[in-house]
Amino acid sequence: MRPPKSRESRKQKRLSEVQEIELLESWIQNGRPESGSNPLSLPPPPKDAPVGRIDDGTFSAYAGSQRFDQLPVSQKTKDGLKEAKFTKMTEIQRASLPHSLCGRDILGAAKTGSGKTLAFIIPVIEKLYRARWGPEDGVGSIIISPTRELAAQLFDVLKSVGKHHNVSAGLLIGGRKDIDTEKEHVNDLNILVCTPGRLLQHMDETPNFDCSQLQVLVLDEADRILDVGFKKALNAIVSQLPKHRQTFLFSATQTKSVQDLARLSLKDPEYLSVHDESVTATPNRLHQTAIIVPLDQKLDMLWSFIKSHLNSKILVFLSTCKQVRFVFEAFKKLHPGIPLKCLHGRMKQERRMGIYSQFCETRSVLFSTDVASRGLDFNKAVDWVVQVDCPEDVAAYIHRVGRTARYLSGGKSVLFLMPSEMKMLEKLQEKKIPIQFIKANTKRLQPVSGLLAALLAKKDDKKEVDLRHLAHRAFITYLRSIHKHRDKEVFDVMKLPIEEFSASLGLPMTPKIRFLNQKSKGKQVSGESSLREENYSKENLFELPRECPVTGKLEEEEEEEEEVDKDFLSAKETAHGGQGKSTEIADIELGTRILKKKKLKINVHRPVGTRVVFDDEGNTLPPLATLADRISGDGSVQLDEDRVSKRYANLREELKEEDKEDKLLDRQRRKEKRMKEKMKRRRGRKDEDDIEGEEDLSGSDGDRTNKRSKKYFDSDSDDAESKRDKDNSTINANSISLKEQEELALKLLSSMHS
Ligand SMILES: Nc1ncnc2c1ncn2[C@@H]1O[C@H](COP(=O)(O)OP(=O)(O)OP(=O)(O)O)[C@@H](O)[C@H]1O
């Protein structure tokens, strides 16, 4: 039996909670801001004004307040905020919290790093607290994030601010092994922080998984989640949620699409875009630069940049997973003098999380795909964001550079633009992005292509990473990503110096890309300038215009098997450098080997049926002579019919044997192929980012779909092959009889001797 004192104190606690909730409800109702108003435009309450219920039964105004403790939120939340050292609200928090606390749907837009997370975490916790939500009530709120790392980060903020509350919360993200345990507990959770894929998996597979009582739905990085990549998953999720709920959509690049909003059944949402009037769309303390770098000099430039910023924390964006892996592995071998890390959607989840936390803690260079471009708030500030490959659009640019200069800190970014991508600069400037165009000091450029070529030329040690293979994949996936871009004003694969690019990766020969017009290959775009031809006097690598106040140095897996897209590529035999051709050929793709095969020479002028047969002494004999060695009385050659039938019987046996062997071999080959594909699929499923991960311009989603369907067709084709085998056996059975063959042979023989 529990001591009565404890029961008494629990009752007391309950009573005080009920009273607090009543007070909060009245306070909220009393001071609700006008629908459509922006609380930022209201005067802040006087400094020492009373907060909450005032003596005469009225309440303090909370719309317009600047501190968290002036808001109608529970003491538990206030304590959580205080302990996490959050006292003053940011603009998006001041603008949206008065509306969200009184139950309205929110469409929130604010620059990166401006505190949008708390703007939805606080009302989520408060709504459930005021509804006295408990474990037995099930799922009360769902917070959806496009990536696993971001979901984990949101979960951490939730745990810290809500630490004094009794609601239960869980992080549901793909790539974790404990799905079965998760299924057992998910029905006891009140707040789910998840990625769309994992949530849908629970909706599909977990018995009794029920979201029918949902109170609040949050989409962080809403425009991304509403994007085509997540369309199916999101529609399926939303179809299982009650329509009567509160919905919050937040992003730095918010969607205003009526269709999107209709999909989510938003009710008169408050559109709060706090930086609409701002001169810039990016954080004020972010110093942004762009520099022209031809494709074949990108790695030289990146290497030089890293070497001249060894004491910085640098986040480098590349287009595809394969590029990330290649640059990471290759640069690692060159020991630049700063720790290197890589992050992409095809890595195992534990490793991804490990890398993410390590990068939060240490000075290092992180090579990443766009999986790290949104929402991530790396603990210790990122000094530099380097975009080696052009972002797909302005929104992607904003999110990438937004990984630095967060909240009150500063940061720098540099965008490498190829001459053919200059249109992107215009697009960025049109969208209020203050980006400064600078020139490189080529004197300080440290070429790395030669070193890469030497690395790639080294004999492969089986235990080590196959750099040449990685370079090859990086080359192909990059070009494919450019080819797939819809914005042809910026991304035009035909304008790229393909051969030079291949050489810059250290590849001994240029893999051939079938979709390219051969004639235009190798030609440089007009205006493609070579950095090495330019001459700049200053000591630093990049030069800013004189008036610029910035004075920093730069003023400015095994992953899945080869996804050999035979329709997409083959290889071209052009050797760069002094690499021996013959050794290289074996290493390039199947397509190349097929091209290298010597064509069989067929002498079309040779008369039909004139196969030359020799006797034991090497004398030529007439055709079919071996079957016609019975000499008749008049001296003419006659067929020995016994020998003929014997010969045919032997031939039949031989053929049968050969056929058996061939079939066996073929079956074995197909079995191996199936096994390989099965393994690949398994590995793919393990390592694969669930739909949420990627972004990655290797077009992972698309590619995966293709791969899956390809597998589907492959397995079909196996069936088709076995069917063909059966059909063939039918054809054999119906083929001409032995007697007919003998007659044919006799006719032939007599016609030849006549
Ligand atoms: N009121 C506040 N006081 C102090 N720091 C804050 C406050 N609100 C947020 N922060 C801090 O600001 C940083 C950025 O916040 P947050 O991650 O929520 O930004 P965001 O707007 O969601 O950015 P993104 O658009 O990149 O997702 C975090 O480190 C967070 O702890």
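A quick note: this is a predicted structure, and the numbers were derived from the prediction, not measured. Order of appearance sets the numbers: ligands from 1, and atoms from 1 within every ligand.
For the pair V73/Y129, no side-chain contact is recorded, criterion being any heavy-atom separation below 4.5 Å from C-beta on. Under the 4.5 Å side-chain criterion, counting only non-hydrogen atoms from C-beta, R130 is in contact with I28. For the pair R352/V371, a side-chain contact is recorded, criterion being any heavy-atom separation below 4.5 Å from C-beta on. Taking 4.5 Å as the limit, every side-chain heavy atom of Q93 sits out of range of all side-chain heavy atoms of I122. T320 has its side chain out of reach of T369: every pair of non-hydrogen atoms, C-beta onward, lies at least 4.5 Å apart. Side-chain contact check for L154 versus F120: some heavy-atom pair is nearer than 4.5 Å.
The atoms of ligand 1 that sit less than 4.0 Å from any heavy atom of F68 are 1 (N). In summary, the atoms of ligand 1 found under 4.0 Å from a heavy atom of L118, numbered by their order in the structure, are 8 (N). Which parts of ligand 1 touch S114 is read off a 4.0 Å heavy-atom cut-off, strictly below it: atoms 19 (O), 20 (P), 21 (O).
Under a 4.0 Å heavy-atom criterion, A110 is not in contact with ligand 1. Proximity of E221 to ligand 1 is established by a heavy-atom distance of less than 4.0 Å.
The residue F250 has no part lying near ligand 1, judged by heavy-atom distances below 4.0 Å. Looking at R403 against ligand 1, only its side chain comes within 4.0 Å, counting heavy atoms. For R374, no heavy-atom contact with ligand 1 is shorter than 4.0 Å. Both the backbone and the side chain of T117 come within contact range of ligand 1, each with a heavy atom under 4.0 Å. Contacts between K111 and ligand 1, counted as non-hydrogen atom pairs separated by less than 4.0 Å, involve the backbone only.
Heavy atoms of other residues, nucleotides or ligands lying less than 6.0 angstrom from NZ of K78 number more than 12. By the neighbour-count criterion of 12 heavy atoms within 6.0 Å, atom NZ of K432 is densely surrounded, having more than that number from other residues, nucleotides or ligands. Annotation for K82: atom NZ does not count as buried by contact number, only 12 or fewer foreign heavy atoms lying within 6.0 Å. Within 6.0 Å of the CZ atom in R351, the count of heavy atoms belonging to other residues, nucleotides or ligands does not exceed 12.
Looking only at heavy atoms of the protein, atom 6 (C) of ligand 1 is closest to F86 CE2, 3.5 Å. If you check which protein heavy atom lies closest to atom 21 (O) of ligand 1, you get K116 NZ, 2.7 Å. Closest to atom 3 (N) of ligand 1, if we only count protein heavy atoms, is Y407 OH, 3.2 Å. Regarding atom 29 (O) of ligand 1, its nearest protein heavy-atom neighbour is D377 OD2, 2.5 Å. For atom 17 (O) of ligand 1, the closest non-hydrogen atom of the protein is R406 NH2, 3.0 Å. At the top of the distance list for atom 1 (N) of ligand 1, counting protein heavy atoms only, stands K88 O, 2.7 Å.
In this structure, K313 satisfies the cation-pi test against F359, with its NZ or CZ atom closer than 6.0 Å to the six-membered ring centre and inside 45 degrees of the ring normal.
Backbone and side-chain nitrogen or oxygen atoms of G113 are examined, and one is located within less than 3.5 angstrom of a nitrogen or oxygen of ligand 1. Between T87 and ligand 1, not a single N/O pair is under 3.5 Å apart. The shortest N or O to N or O distance between G115 and ligand 1 is below 3.5 Å. Residue contacts with ligand 1: Q93 is placed with a nitrogen or oxygen under 3.5 Å of a nitrogen or oxygen of the ligand (distance criterion only). On a distance-only criterion, T112 and ligand 1 share no N/O pair closer than 3.5 Å.
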> Can you check side-chain hydrogen bond (donor to acceptor under 3.5 Å, both in side chains) on T282 and Q288, steps first, answer last?
Replying inline: CA-CA 9 Å; T282 43; Q288 304 165 72; 2.8 Å; yes
> After noting the C-alpha distance and the side-chain angles of E17 and K76, does the key distance pass the salt bridge (charged side-chain N to carboxylate O under 4.0 Å, His left out) rule?
Replying inline: CA-CA 10 Å; E17 263 184 24; K76 287 177 176 173; 3.0 Å; yes
